[in-house]
Amino acid sequence: MSVTPESPSQPNALSRRTVLQRAAVAGLVATPAVGFLAACADSGSDEESPGTANTGAVSATNPLGAPEDQPISVVIFNGGYGDKYATDVHEPMYKKAHPKSEVKHQSSQAISTLVQPLIAGGNAPEFVNNSGEKSLDFGALVADGQLQDLTALFDAPSVDDPSKKVKDTLVPGTVDTGSFNGKPYVLYYVSTVFGIWYSGKLFTDNGWAPAKTWSEFTALCDKIKAKGIAPYAYAGANAAYYQWNIILTSAAKIGGADILKNIDNLEDGAWKVDAVKQAAEAWAEIGAKYNLQGAEGLKHTDVQLKQNQYQLAMYPSGDWIENEQKKDTPEGFKYQMLTTPSITGSDKLKSTALRATAGEGYMVLAKSKNPKGGMEYMRQMLSKAGGKGFTEVVKAPTVVLGSTEGLTFTPGTQSSQDALKAAGSEVFNLFFDGWYKDLDKEARTATNELMFGRIKADAFVERIQKKADEIKKDSSITKFKR
């Protein structure tokens, strides 16, 4: 899963590199906010950043020089991981280390709606968990000078061992994953694995075994359907992302991980290769024969609730699903993850291959009043206690080395970690969804058409390829390469 930057002569190239597969972790969909740069024009001047003069005394316990008496504003995306890990773990840790500094907490399911006006008005929060459907575009933020360069953070002494730099206490590749043009601006904190989720109880009670091949998968769907349960669900209202993720995962297994690399790089005809067509055809058949009735008008949480009620057997998602559904999951349900089955007998990658990535992006805003405080908050969350506390609350591992020692994972997280281990080196990722908003949107729309039978696989790949070609030819759009 190696990503290399474009030539240094291309100033807007994005740098992303390897994250070890055993801790590879949730793809963030960074949907660009429409008109973001225009909305922030007033705050993007050449004047000194508001936080430049806010520096406290540097010490062994305050290596970044965060001002002890200045508040910080923390904004958390209240989605699959909730915000309890911030209110109950990270914010108390910061307060304990800096008791004179007030922490102002906000959470939202629409980050751009909350944060963009604050930035434009000169009241940028210090620390933001930028995630969800309405997240801000990281690339646009970097280009507009809104994000704090995190080099000083990663070079600072760690909380647990001052003889080690923060970057040396993290999974290798973590810093590079959030780097643009070689400078780190984003912290990707959570280890996320993607697959198809089911109830261990439901499968055990009915004697069903997880499928490894496509024939086994369709036979399993037939058995489930005969029981009066929907075998599979694709939620059309807002979760198209998960299904094109599954389609491209299958394509990568059929033709190899370079299939995804070529798509990311806008290579000519990348969407029209046989591997993508085959994957689209196979999943369109699942949509036609086995999809949950009425799923086109349902959101992902509605569909996941039906799974918790045993009306649905299998659903595609990342491994945040267990925490997201914990309030509605019945006792003994036992979330388990199935890796996407092999479609052909000659797939280039084994059935155990999967998509995983370092994900869930966190950022410090450079034009906030106290960016050093924001970085110090990050330093605290990158301690072993910060990582362990996060995992205890949301049941997902982080990029902090050693932070899961002594912890017992929930069934779902253990299942995804076992799958990650079984995948070995055959772990891959994709980036186009975060690089090109319009291409992501077109993939979502085309997936809806495919999964609900309004277009065939040929039209599916033609439609998305057309949009990819338009983006490639548009000189006004910054291009990224890996």
Side-chain angles (χ1 to χ4, degrees), residues 25-36 39 73-87 90 105-119 124-125 127-142 146-147 177-178 185-194 235-245 298-305 315-327 357-365 381 390 393-396 398 429-441 443-444 447:
V25 249
L28 164 71
V29 183
T31 305
V34 177
F36 175 78
S73 178
V74 173
V75 177
I76 301 296
F77 172 61
N78 194 5
Y81 298 126
D83 69 343
K84 188 178 175 67
Y85 69 87
T87 58
H90 296 154
H105 175 90
Q106 295 182 81
S107 66
S108 175
Q109 293 185 345
I111 294 300
S112 62
T113 303
L114 172 62
V115 175
Q116 185 172 323
L118 295 174
I119 296 175
F127 178 90
V128 180
N129 170 205
N130 186 37
S131 189
E133 275 192 291
K134 294 186 177 180
S135 58
L136 292 164
D137 179 357
F138 282 121
L141 288 164
V142 171
Q146 299 293 336
L147 295 196
T177 303
Y185 289 99
V186 180
L187 167 65
Y188 288 103
Y189 189 64
V190 188
S191 171
T192 303
V193 183
F194 295 86
N238 71 340
Y241 165 73
Y242 305 130
Q243 189 56 44
W244 69 241
N245 170 40
L298 298 178
K299 294 182 179 181
H300 67 292
T301 48
D302 298 327
V303 171
Q304 289 166 190
L305 180 60
Y315 181 71
S317 180
D319 57 3
W320 61 78
I321 187 172
E322 186 177 35
N323 185 68
E324 188 171 49
Q325 291 300 113
K326 63 184 178 182
K327 292 181 180 178
T357 182
E360 199 66 9
Y362 297 82
M363 61 192 185
V364 174
L365 294 180
M381 69 187 282
F390 181 94
V393 172
V394 308
K395 315 307 178 189
T398 71
N429 195 19
L430 48 83
F431 299 102
F432 82 87
D433 56 314
W435 288 355
Y436 308 111
K437 176 188 176 183
D438 288 345
L439 186 55
D440 174 43
K441 182 179 179 181
R444 291 169 182 254
T447 301

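Every heavy atom of this structure was used, including side-chain atoms; hydrogens, water molecules and symmetry mates were not. Throughout, residue positions are numbered sequentially from 1 according to the sequence presented.
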- prompt: With Phe77, which residues qualify under ring pair (Phe, Tyr, Trp, His ring centres under 6.0 Å), at least two apart?
  reply: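 Applying ring pair (Phe, Tyr, Trp, His ring centres under 6.0 Å) to Phe77 gives none.
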message: Going by the rule ring pair (Phe, Tyr, Trp, His ring centres under 6.0 Å), which residues pair with Tyr185 if we only count those two or more places apart in sequence or in a different chain?
response: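 Testing Tyr185 for ring pair (Phe, Tyr, Trp, His ring centres under 6.0 Å), a comparison that skips the adjacent residues, returns none.
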For residues [X] and [Y], report the shortest heavy-atom separation together with the two atoms involved.
{"X": "Ala237", "Y": "Lys299", "answer": "CB-N, 3.7 Å"}
{"X": "Ala235", "Y": "Val303", "answer": "CB-CG2, 3.6 Å"}
{"X": "Val186", "Y": "Gly361", "answer": "CG1-CA, 4.0 Å"}
{"X": "Tyr315", "Y": "Ile321", "answer": "CD2-CD1, 4.0 Å"}

Is the backbone of [Y] close enough, under 3.5 Å, to the side chain of [X] for a donor and an acceptor to pair up by distance?
{"X": "Asn323", "Y": "Gly80", "result": "yes"}
{"X": "Tyr189", "Y": "Met381", "result": "yes"}
{"X": "Gln109", "Y": "Asn78", "result": "yes"}
{"X": "Ser112", "Y": "Lys134", "result": "yes"}

query: Crowded around Lys326 NZ? As in, over 12 foreign heavy atoms under 6.0 Å?
result: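 Enclosed.
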query: Which residues satisfy the salt bridge (charged side-chain N to carboxylate O under 4.0 Å, His left out) test with Lys441, sequence neighbours excluded?
result: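 Per chain and number, Lys441 pairs via salt bridge (charged side-chain N to carboxylate O under 4.0 Å, His left out) with no residue.
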[atom1]/[X] to [atom2]/[Y] distance, rounded to the nearest 0.5 angstrom?
{"X": "Gln243", "Y": "His300", "atom1": "CD", "atom2": "NE2", "value": "15.0 Å"}
{"X": "Ile111", "Y": "Gln116", "atom1": "CD1", "atom2": "CD", "value": "12.0 Å"}
{"X": "Asn130", "Y": "Ser135", "atom1": "CG", "atom2": "OG", "value": "5.0 Å"}
{"X": "Glu324", "Y": "Gln304", "atom1": "CD", "atom2": "CD", "value": "5.0 Å"}

message: Between Val394 and Trp320, is the side-chain contact (heavy atoms from CB on, under 4.5 Å) condition met? List the steps.
response: CA-CA 8 Å; Val394 308; Trp320 61 78; over 6 Å; no
Sequence-distant partners of Ala124, side chain to side chain contact (heavy atoms under 4.5 Å, CB included), two or more places apart: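 Applying side chain to side chain contact (heavy atoms under 4.5 Å, CB included) to Ala124 gives Ile119, Leu365, Ser368.
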task: For side-chain contact (heavy atoms from CB on, under 4.5 Å), just list the numbers for Met363 and Leu136, CA-CA rounded to whole Å, side-chain angles, deciding distance to a tenth of an Å, and then say yes or no.
output: CA-CA 11 Å; Met363 61 192 185; Leu136 292 164; 4.3 Å; yes
query: Is there a side-chain contact between Val115 and Pro125 (heavy atoms, below 4.5 Å)?
result: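 Result yes, sub-4.5 Å side-chain heavy-atom pair found.
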Student check: side-chain heavy atoms of Tyr81 and Ile76 closer than 4.5 Å: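 They are not in contact (no side-chain heavy atoms under 4.5 Å apart), so the answer is no.
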- request: Under the side-chain hydrogen bond (donor to acceptor under 3.5 Å, both in side chains) rule, collect the residues that match up with Ser107, sequence neighbours excluded.
  value: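 For Ser107 the side-chain hydrogen bond (donor to acceptor under 3.5 Å, both in side chains) partners, ignoring immediate neighbours, are Asp83.
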query: With sequence neighbours left out, what residues match Tyr85 under side-chain hydrogen bond (donor to acceptor under 3.5 Å, both in side chains)?
result: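 With neighbours one apart ignored, the set is Asn129, Tyr362.
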